[in-house]
Structure formats: C-alpha cells, structure tokens
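For this chain, numbers begin at 1 and follow the sequence in order.
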Amino acid sequence: MKFNRFGNMMPPEASKKHPYLLWREPFQIAGNLYFVGNLWCSSHLINTGDGLILLDTPCASALPGLVGGICKLGFRLQDLKYIVVSHAHPDHYGAVNALVHLTGAKTFLGEVDAQDMRENPDRLQGMNLTLDPFNESFVPDVELRDGDIVELGNTRMRCVLTPGHTKGVMSHFWELEDHGVVRRVGIYGGAGFAALSKEKLKRNGLPMSLREQFLTSLDKVWDEKVDIMLGNHPFHNDTYQKRRRVLNGEKDAFVDPSEWTRFMTELKTLYQEFLTLSLEEVTRIYSTSQWEMYYGED
C-alpha cells in the first residue's frame, strides 16, 4: 500500500498474542554495535568497554526475547549500565522498568517527552494497554536536552531533539570503530506519521504544531553524515534484509553512506503526501497492515 514501511506495520494478531513469534537471532552489526530487537521493534546494544548501553526496549511482553538475545551474544545482563529511550511510545520503553529492576541501569529520555509522560499519564497508560497489558511508563533518571551527550566507555552519543512523532523524539549519532575504520552511526528517533492527522492529534490532546515540527526535524538532521543507519523499527532500515546479505558473504552490508539521504527523502516525500489526504483516505490506507507485504513469509 501507499506508505509501506511508514504505514500500518502492526504485526499479525498471532504475534501480538504470542510475542516470542517475533523473536529472531541477535547479531553483530559492526564493531561494538549489536542488534537485539525483534521483527517489530529495534533494540540496539553497544558494548562500550565500561558497560553496555541499550538503545530502546521492546514492549514488556517481549522482554524474555531481549534478555535472551543479550545473553546469547555472550554479554552479562548485569553489565547493562544505560538504557536510552528514543521517544515516549510503549513499543520503545515498555520493558524499561523491568530491566531497571533486574539490572539497576540508569535511564535516559528526552526532557520534553518526560514532561509529557508526567503531565498526561492517562493518555500514556491508554497507549501502554493498547499495545501490551504489561507495558509501564517510567520516570527517567536523566532528562535529555537538545545536543546533550550520553557518554560511557568508548561511546559518546549525541542526542538531537527531533519532535513530530512525539513531542520530544530524540535522534542519536555516535562513532564506532570497525576493523580499524571509524564509522558514524545515526538513527532517526521516530519516523512514523500515522498519528499526525488533525483528527488524531485533536483526539489525543496533542498540538497541531507537531505536523510542522515533523518537517522541521527532518531538515534539522538532513545533512548528518551517517555511514551506518539504524531504525527504531527494523523495517525502517531493512535490518533483516541486510543481515541476510551479511550471511551471504557481503561483509559490510550495514555500511551505506548514502542510505541516510535516501531514507530522509523517502520519509519527507511520503509525509508531505500524507498531509494532503482526507480523513477518509487516511483511514482507508491505514485500515490494513502492510506487514505481510513487507516481510512476506519471514
């Protein structure tokens, strides 16, 4: 359908009821960077030498797969020091409290989203329960501002405020060393725009200004130099397709300095088209999941 990876990408009902069906083997992306997410939600692990950083968690019911993936890669859960959450949606923070309970890790969230979570608990709890009855909102230890740095060991992550998908989406950029080569890593914090119709914003009590901020945020990070582009959902950067290419012998399948610009161009073009649609057109386009179209029989 029209928006494919930015459209309705809800997983099949069987997978929502049995989240372990979304689990796949964890793997190394490059250097000290690993993928420990699932078919629906990305989680990235960084081994800093002084402890582990986790970028985003899945929903709470997918916690066993996340923990199993971290351990299967040979890491100790007790070495998880930081959990950095890209934005205040439960498919990216739902398991935070459980992980903190298990590890004592310090948590990070954008200041704007942290405030929204405090001031609108009913709306956040509604989202929590819609996606997973075990999801929980959380109180971050550190509230990030635009340009803040999260630093641990060999990793220095720059956090950039890019609102639109939520009030306080943070995008993240850092460097890693891979076989003696320094690569720049980037992830756009929230690429979906389904909730930015005027009707949905009004229903959720969110400002109409988010529609324009989405475009402003794209322009803000458009010229970032990124060698390895990540997605906070694996279908945003074709995570599993790249993994297959690696397994087929293409060593640097995740390295593509042109992908960031292609991604941003596609996202901006489709979003501008979305803004021209009527409520009826939006409803029709998003009425059917495009999961099977994207993943096929994966």
Side-chain angles (χ1 to χ4, degrees), residues 19-20 22-111 113-114 117 128 132 134-144 148-159 170-178 185-187 189 228 230-234 239:
Y20 52 84
L22 297 170
W23 187 85
R24 296 294 184 272
E25 291 281 340
F27 55 86
Q28 182 182 31
I29 293 175
N32 65 348
L33 175 63
Y34 301 82
F35 185 83
V36 290
N38 57 46
L39 283 175
W40 185 28
C41 297
S42 297
S43 295
H44 294 94
L45 192 71
I46 306 169
N47 179 16
T48 74
D50 285 338
L52 303 172
I53 297 176
L54 182 68
L55 182 54
D56 282 348
T57 81
C59 289
S61 58
L63 178 64
L66 174 67
V67 171
I70 292 172
C71 295
K72 193 160 190 175
L73 289 170
F75 297 112
R76 300 189 327 145
L77 193 63
Q78 301 95 308
D79 291 331
L80 181 62
K81 302 302 182 184
Y82 290 175
I83 302 170
V84 180
V85 176
S86 59
H87 63 278
H89 280 165
D91 48 335
H92 302 285
Y93 70 70
V96 165
N97 281 345
L99 277 173
V100 170
H101 181 73
L102 292 171
T103 67
K106 181 181 288 188
T107 59
F108 299 75
L109 177 68
E111 178 184 50
D113 269 354
M117 193 177 282
N128 290 344
D132 182 337
F134 302 107
N135 282 334
E136 296 178 328
S137 299
F138 74 105
V139 178
D141 297 304
V142 178
E143 297 185 10
L144 297 167
D148 278 357
I149 302 295
V150 175
E151 188 166 8
L152 183 67
N154 59 22
T155 300
R156 194 169 187 270
M157 179 183 293
R158 179 166 54 94
C159 308
M170 303 295 285
S171 296
H172 299 96
F173 304 91
W174 69 97
E175 293 182 346
L176 60 77
E177 185 174 325
D178 182 32
V185 184
I187 180 168
I228 299 173
L230 308 179
N232 59 15
H233 289 279
T239 297

About how many Å separate [atom2] of [Y] and [atom1] of [X], when rounded to the nearest 0.5 Å?
X	Y	atom1	atom2	result
C159	E111	SG	CD	12.5 Å
I53	W174	CD1	CH2	8.5 Å
L99	I83	CG	CD1	4.5 Å
L230	L33	CG	CG	5.5 Å
N154	I46	CG	CD1	9.0 Å
R76	Q78	CZ	CD	4.5 Å

* Asked: So, the side chain of D91 versus the backbone of C59: is there a donor-acceptor pair under 3.5 Å, distance only?
  -> no
* Any donor-acceptor N/O pair, N47 side chain to N32 backbone, under 3.5 Å -> no
Could you check if a side-chain atom of [X] sits within less than 4.5 angstrom of a side-chain atom of [Y], using non-hydrogen atoms only?
X	Y	value
L176	T155	no
R158	D148	no
E136	N128	no
K81	L152	yes
Y93	L109	no

* Do Y82 and F108 have their ring centres less than 6.0 Å from each other? -> yes
* Asked: Are H44 and H172 close enough that their ring centres sit under 6.0 Å apart?
  -> no
* Indicate the ring-plane relationship of H92 and H233, choosing parallel, tilted or perpendicular according to the 30° and 60° boundaries. => perpendicular
* Pair E25 + K72, salt bridge at N-O below 4.0 Å -> yes
* Asked: Pick from P64, P58, S61: which one makes a side-chain contact (heavy atoms from CB on, under 4.5 Å) with P19?
  -> S61
* In a check of side-chain hydrogen bond (donor to acceptor under 3.5 Å, both in side chains) between D56 and each of S86, S43, S42, which one passes? -> S86
* More than 12 heavy atoms of other groups within 6.0 Å of F134 CZ -> no
